[in-house]
Structure formats: C-alpha cells, structure tokens
Amino acid sequence: MYTAHPDRYADMPYRRTGRSGLMLPALSLGLWHNFGPGRSAETQRAILRRAFDLGVTHFDLANNYGPPPGSAESALGDALRADFAPYRDELVVSTKAGYLMWPGPYGEWGSRKYLLSSLDQSLKRTGLEYVDIFYSHRFDPETPLEETMGALHSAVRQGKALYVGVSNYSAEQTREAARILGELGTPLLIHQPRYSMLDRRPEDEGLLDTLDDLRIGSIAYSPLEQGLLTGRYLDGIPEDSRAASDSPFLKSDALTEDLVGRLRALNEIAAARGQSLAQMALAWVLRGGRVTSALVGASSPGQLEDSVGALGGPEFDADELKRIDALVRG
C-alpha cells in the first residue's frame, strides 16, 4: 500500500491563486495524453505517486482527456481508490467541459445542460463526490455567457465543485465572465491559458494584465509548446516524437530550419544557467509570479522529476530575458 513521503511539502513552492485562499503548487500535473488505455496502469500510478511525493498536489483533467475521451478521468479514479483515498483532502483535482464528448446537440460547448451533465459524468469516472475546480473549457459564441457562468455557479451551489475557472477565454470574455460570476456570488478563481516562451498571446492580447487587475489566478498549459521546448528536436525529429506521429497538435513541417536554430540558441542560454531547455522554459513561465502554476505532463516519474528540477534554478537577469525575447520575437 502506498504511503506518501513525510517530507512531501518541504521543497515545493505554493502560490496563492488570485485573491482566494487556495494555494497551488508551482508545478501541477496535467493528465492529458499519458493516462488511459494503451499505457501501463502501473506507470500511470507511479507518476501520480511520485508527483505527490514531490509536493505536486494538483492533478488537472478535462472530460475529453485520454484518448479515448473520459479515460484519463477513469485512470485517475482508479489511482485515487488504490493510492490516494487517505489523502483526498490534500489534493486539488480539476476538470473541464467544453469540447465534444458525445453525439448530438447537447454534447459540447457551453450550455447549462451540457456542462452539468458532463460534470456528473466526470464525478462518476473519478469516483469523487466533488472536484476542487470546474472549468468552462472554451468560450461558446452561441450561448449567453450568463447561462454558461450560471451553470458553473450551480455546480458550486450543488456541492459538486469548490471553485470555478475558465480556459481559452479572451481578456474581454474573462472580464465579463468574472463580472457575471461576481454578481452570482461565486468568484472566478482561475484562468487556464496556453502560454510559453514561444506563445506570448496572454501577454500580447492583454490577458495577463486583465488577470492581474481582477486578481484572478492563472495556470499555464503547454508551457513546453507541445514538446518543442523539451530539447527533443535540437537535432531533427525523433521517430517516436509527437512531430513524427499523426498528432494534430504538432506537425513535422513546424520544425523549420529557422525554428530549430532558435531552439538551439535557447538551449545554449539554458545550459549557461545550469538547466535543460525544458527546465528553463518552465522557469520562464513562472518568472515574476504572474502565473500561479504551470501544467506539465509526464510519461515517466523521471520526466516529472526533471520538470520539478526547474524550480531550483536561478532567477532570470535582464540580459537573459532580453536574449530570449530577441530569439523568440525576432
């Protein structure tokens, strides 16, 4: 039987989520494509156990994670029952709804019917009575935002979620969502945007400024830019890599000669800092404290340990940040 490490809180930094009382670890574990059928259940459990032993108390899901959709939640449910039943109150479990889950007009987007039905299904798959954070996974242009936010508010009122968040919303949409939720009495806790050294849209489009202004937390997904910032592509495309597969998330033609040259230069900066490229990329997202937590995936406990190693690196100096910006922005 698994017993958590007694010093699991010794080294992990925790950051307050916006103006709430909830603290999140600087690194959170995303259960996207590494959890579900076709992957070793024991490896999945080992990753989760190692994460918790390292102080990673937040496990992030969505209803469509797998593949197939729903299987990541089921895999976590199995692990929770086998290993984490005594530790439920030390865990933050989040899930989302917004993308296609089942056929017909009620199986995606942001209607009240879809969101609350999906949450019920997520609770069954995980075996939980509640999730800590329930997200609207994407903005629905066809459904009144009052309905979508009202559904999130109902999830809290029903005791099925403790907090609510949004993901992939623009700055303007986030501000309006926060206003509606505030009037209902359920604060908007957190936003989950895509953000990395190579994807600066949260900066450029004013989202981070909006979150700062509203005192809403943030958790960055894809901080390693679908693996581009892991160092795997410095010498071409490995056969077992995402870019070499038929993945819609990273195409091989994205690996241009110019991009590879920039990645190699970034890797040189990381090496001078005593870090891997992946570690520097995570440290960059977390710099300055504007981002509450960064989401990392892991296919092995060792990969997770390498990510956590990013937290022990030096602070960025002005010259390093300037050189990184020059390489990324041109």
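When side chains are defined from C-beta on, Ser117 does not count as touching Asp120, because their heavy atoms never get closer than 4.5 Å. By the 4.5 Å heavy-atom criterion applied to side chains, Asp78 and Arg125 are not counted as neighbours. You'll find the side chain of Leu100 stays beyond 4.5 Å of the side chain of Asn64, heavy atoms only. Considering only heavy atoms from C-beta on, Lys160 stays 4.5 Å or farther from Glu129 through its side chain. Contact of the His191 side chain with the Leu207 side chain is registered, since non-hydrogen atoms from C-beta on lie closer than 4.5 Å. Under the 4.5 Å side-chain criterion, counting only non-hydrogen atoms from C-beta, Tyr195 is not in contact with Arg201. Side-chain contact check for Leu286 versus Leu27: some heavy-atom pair is nearer than 4.5 Å. A heavy-atom distance below 4.5 Å is not found between the side chains of Glu108 and Met101.
In the hydrophobic clustering of ILVMFWY residues, with side-chain heavy atoms under 4.5 Å counting as a link, Phe139 and Leu189 come out apart. Using a 4.5 Å cut-off between side-chain heavy atoms of Ile, Leu, Val, Met, Phe, Trp and Tyr, with links allowed through other members, Tyr65 and Ile133 fall into different hydrophobic clusters. Placement of Leu61 and Leu119 within a single hydrophobic cluster is found when ILVMFWY residues are connected by side-chain heavy-atom separations under 4.5 Å, directly or transitively.
Judged as a salt bridge (Lys or Arg N to Asp or Glu O under 4.0 Å), and not counting sequence neighbours, the contacts of Glu90 are Arg8. Residues meeting the side chain to side chain contact (heavy atoms under 4.5 Å, CB included) test with Thr186, sequence neighbours left out: His153, Val156, Val164, Leu181. Listed by chain and residue number, Arg88, Val92, Val93, Tyr130, Leu162 satisfy the side chain to side chain contact (heavy atoms under 4.5 Å, CB included) test with Asp132 (two or more places apart in sequence, or in another chain). Listed by chain and number, the residues in a side-chain hydrogen bond (donor to acceptor under 3.5 Å, both in side chains) with Arg323 amount to none (sequence neighbours excluded). Judged as a side chain to side chain contact (heavy atoms under 4.5 Å, CB included), and not counting sequence neighbours, the contacts of Ala151 are Arg112, Leu115, Leu116. Thr3 meets the side chain to side chain contact (heavy atoms under 4.5 Å, CB included) test with Tyr87; sequence neighbours excluded. Not counting sequence neighbours, Glu268 has no partner by the salt bridge (Lys or Arg N to Asp or Glu O under 4.0 Å) test.
Side-chain atoms of Thr148 do not come within 3.5 Å of backbone N or O of Leu145 as any donor-acceptor pair. Here the side chain of Ser196 pairs no donor or acceptor atom with the backbone of Glu225 at under 3.5 angstrom. Between the side chain of Arg262 and the backbone N or O of Leu327 there is at least one donor-acceptor pair closer than 3.5 Å. In this structure a side-chain-to-backbone donor-acceptor pair under 3.5 Å is present from Gln44 to Gly36.
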**Study point:** Check against side chain to side chain donor-acceptor pair (under 3.5 Å), Asn34 and Ser299
**Key:** CA-CA 6 Å; Asn34 290 320; Ser299 58; 5.2 Å; no

Check your understanding: Yes or no on side chain to side chain contact (heavy atoms under 4.5 Å, CB included) for Tyr233 and Leu259, after CA distance, side-chain angles and deciding distance?
Key -> CA-CA 10 Å; Tyr233 300 101; Leu259 177 57; over 6 Å; no

Check your understanding: Can Leu80 and Leu91 be said to form a side chain to side chain contact (heavy atoms under 4.5 Å, CB included), step by step?
Key -> CA-CA 10 Å; Leu80 292 175; Leu91 291 173; 3.8 Å; yes

Exercise for review: Check the pair Arg194 / Gln226 against side chain to side chain contact (heavy atoms under 4.5 Å, CB included), numbers first and verdict last.
Suggested key: CA-CA 11 Å; Arg194 179 167 176 160; Gln226 297 295 326; 3.9 Å; yes

**Study point:** Audit row: Tyr135, Asp60, side chain to side chain donor-acceptor pair (under 3.5 Å) steps and yes/no
**Key:** CA-CA 10 Å; Tyr135 288 88; Asp60 180 74; 4.6 Å; no

Exercise for review: Begin from the C-alpha positions of Leu224 and Arg232 and carry the test side chain to side chain contact (heavy atoms under 4.5 Å, CB included) through to its verdict.
Suggested key: CA-CA 11 Å; Leu224 302 180; Arg232 294 202 72 195; over 6 Å; no

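Residues His58 and Ser28 come closest through the heavy atom pair ND1-OG, 2.9 Å. Ala294 and Leu282 get closest at one heavy-atom pair: CB-CD2, 4.4 Å. Taking all atoms of both residues into account, the shortest heavy-atom contact from Met149 to Val166 is CE-CG1, 4.1 Å. Closest non-hydrogen pair, Gln275 versus Ala283, comes out as NE2-CB, 4.1 Å. When all heavy atoms of Ala298 and Phe35 are compared, the pair lying nearest together is O-CE1, 4.5 Å. Heavy atoms only, all atoms of each residue included: Gly110 and Thr143 are closest at O-CG2, 3.7 Å.
Summarising the geometry, atom CG belonging to Leu229 is positioned 10.5 Å from atom CG belonging to Asp199; distances are rounded to the nearest 0.5 Å. Rounded to the nearest 0.5 Å, atoms CG (Leu234) and CG (Leu266) are 9.5 Å apart. Considering CG of Asp83 and CZ of Arg45, their distance stands at 4.0 Å, rounded to 0.5 Å. Remark: Leu208 CG to Ile216 CD1 distance equals 12.0 Å, nearest 0.5 Å. Note that OG of Ser122 and CG of Leu128 are 10.0 Å apart. Values are rounded to the nearest 0.5 Å. Of the inter-residue distances, the one linking Ser71 atom OG with His33 atom NE2 reads 9.0 Å to the nearest 0.5 angstrom.
Applying the salt bridge (Lys or Arg N to Asp or Glu O under 4.0 Å) test to every pair with at least one member in residues 297-315, sequence neighbours left out, gives these pairs: Arg50-Glu305. Pairs of residues two or more places apart, or lying in two chains, that qualify as salt bridge (Lys or Arg N to Asp or Glu O under 4.0 Å) and include a residue from residues 24-42 are Glu42-Arg49. Applying the salt bridge (Lys or Arg N to Asp or Glu O under 4.0 Å) test to pairs two or more places apart or on separate chains, those with a residue in residues 270-295 are Glu203-Arg287, Asp209-Arg290, Asp212-Arg290, Arg273-Glu320. Sorted by first and then second residue, the side chain to side chain donor-acceptor pair (under 3.5 Å) pairs with a member in residues 163-172 read Ser136-Tyr169, Asn168-Tyr221, Ser170-Gln173; sequence neighbours excluded. Sorted by first and then second residue, the ring-ring contact (aromatic ring centres under 6.0 Å, His included) pairs involving residues 90-114 (not counting sequence neighbours) are Tyr99-His137, Trp102-Tyr114.
In this structure, Phe52 has its ring center under 6.0 Å from that of Phe84.
Taking a 6.0 Å sphere around CZ of Arg157, one finds it holds 12 or fewer heavy atoms contributed by other residues, nucleotides or ligands.
A donor atom on one side chain and an acceptor atom on the other are found under 3.5 Å apart for Thr95 and Glu73.
Evaluated for a side chain to side chain contact (heavy atoms under 4.5 Å, CB included) with Pro25, the options Thr57, Val308, Thr292, Leu54 yield exactly one hit, Thr57.
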